[in-house]
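What's counted below: heavy atoms across the whole structure, side chains too, no hydrogens, waters or symmetry copies. So that the names make sense, note that chain A is the first sequence line, chain B the second, and so on, each numbered from 1.
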There are 2 protein chains.
Amino acid sequence: MNIVEISKVLANQTRVNILRWLKNPEANFPPHQEIDHFDDGVCVGFIQDKTGLSQSTISTYLNSMQNANLVIPSRHGKWTYYRRNEEVIQAYLQELQKEL
Amino acid sequence: MNIVEISKVLANQTRVNILRWLKNPEANFPPHQEIDHFDDGVCVGFIQDKTGLSQSTISTYLNSMQNANLVIPSRHGKWTYYRRNEEVIQAYLQELQKEL
DNA sequence: TTTACATATCTAAAAATATAGATATGTAGA
DNA sequence: TCTACATATCTATATTTTTAGATATGTAAA
């Protein structure tokens, strides 16, 4: 868990939005076709649609968020689902609380 | 209080260090000459010395931190002192807690 | 085993950030 | 009012980030 690396992720409104949306996928995304839950998160395509940015940009964003351990990917067939990594997010908040 | 703007400040190790040092000036900086306390913070020169970066870089950093309302400047004679803006820092932490 | 689709990676251009040297400004003291 | 000093701003360059189009990869279905 690296404060500077995670702060870099949060230094962009779209990435902050993605993290917020992933808190409550039911409210922010349409239902998936193959699976009827969001236990493994949300597929890249839905996130892309919601942001309006290009597919490659969103893939890059999600990759940086994954590198910072803020999200966890799961492959399901053709789709990659991303969900929040609550442990790391909480650890970051606690570390900030302590350090800042 | 803007999450993205403040996160940009925190996306650099030196700036995070400055905020941490300012939490406890007595432990991190030599005593000032004209004043015998740190109630208004620490002068730019001391911060510069501690980081080893150039004067203009530190001035730029402090300016960005001030724009984000993370620090408060006070002019005392030739010196500008910077101290933490605890209200905004706490507001940021609380907002993150809620939003993130 | 080809095709279609979802996502990742590569490439490249534009914008932002980091950083320092030079210069300007403001203040205190001679 | 000179001079020295602390800090801010300007200018310029290097690096990083943002972003998208093109291409590659992996998977499912025909």
[atom1] of [X] versus [atom2] of [N]: gap in Å, rounded?
{"X": "E34(B)", "N": "dC5(D)", "atom1": "CD", "atom2": "C1'", "value": "12 Å"}
{"X": "H76(A)", "N": "dT27(D)", "atom1": "NE2", "atom2": "P", "value": "13 Å"}
{"X": "N67(A)", "N": "dT17(D)", "atom1": "CG", "atom2": "C1'", "value": "14 Å"}

Under 3.5 Å, sequence neighbours excluded: what are the donor-acceptor pairs made by side chains of residues 31-39 of chain A?
residue : atom : partner : partner atom : Å
H32(A)  : NE2  : C43(A)  : N            : 3.2
H37(A)  : ND1  : D39(A)  : N            : 3.0

Q) Where along residues 10-23 of chain A does a heavy atom fall under 4.0 Å from DNA chain D? A)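 Here the set is N12(A), R15(A).
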
Q: Please confirm whether the backbone N or O of S64(A) pairs with a side-chain atom of R15(A), one donor and one acceptor, at under 3.5 Å?
A: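 A pair under 3.5 Å: no.
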
Validation: residues 89-100 of chain B side-chain donor-acceptor distances under 3.5 Å, sequence neighbours left out:
residue : atom : partner : partner atom : Å
Y92(B)  : OH   : S7(B)   : OG           : 3.0
E99(B)  : OE1  : R20(A)  : NE           : 3.1

Q | Step-by-step side chain to side chain contact (heavy atoms under 4.5 Å, CB included) determination, L19(B) to M65(B) | A | CA-CA 9 Å; L19(B) 279 177; M65(B) 293 165 78; 3.6 Å; yes

Q.
For a quick check, with a 4.0 angstrom heavy-atom cut-off, what is the B/S/- contact string for nucleotides 6-11 of chain D, read 5' to 3'?
A. SBBB--

Q) In chain order, what residues pass the salt bridge (Lys or Arg N to Asp or Glu O under 4.0 Å) check against E5(B), with sequence neighbours excluded? A)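 E5(B) satisfies salt bridge (Lys or Arg N to Asp or Glu O under 4.0 Å) with no residue once adjacent residues are dropped.
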
Q | side chain to side chain donor-acceptor pair (under 3.5 Å) partners of N63(A), counting only residues at least two apart | A |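 Testing N63(A) for side chain to side chain donor-acceptor pair (under 3.5 Å), a comparison that skips the adjacent residues, returns N67(A).
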
Please table the atom pairs, donor to acceptor, closer than 3.5 Å between any side-chain atom in residues 69-80 of chain B and protein atoms at least two apart or in another chain.
residue : atom : partner : partner atom : Å
S74(B)  : OG   : R83(B)  : NH1          : 3.2
R75(B)  : NE   : G77(B)  : O            : 3.2
H76(B)  : NE2  : D40(B)  : OD2          : 2.6

Kindly list each side-chain donor-acceptor pair under 3.5 angstrom involving residues 44-55 of chain B, sequence neighbours excluded, with atom names and distances?
residue : atom : partner : partner atom : Å
K50(B)  : NZ   : N28(B)  : O            : 3.1
T51(B)  : OG1  : I47(B)  : O            : 3.4
T51(B)  : OG1  : Q48(B)  : O            : 2.9
T51(B)  : OG1  : L53(B)  : N            : 3.2
S54(B)  : OG   : S56(B)  : OG           : 3.4
S54(B)  : OG   : T57(B)  : N            : 3.2
S54(B)  : OG   : T57(B)  : OG1          : 2.9

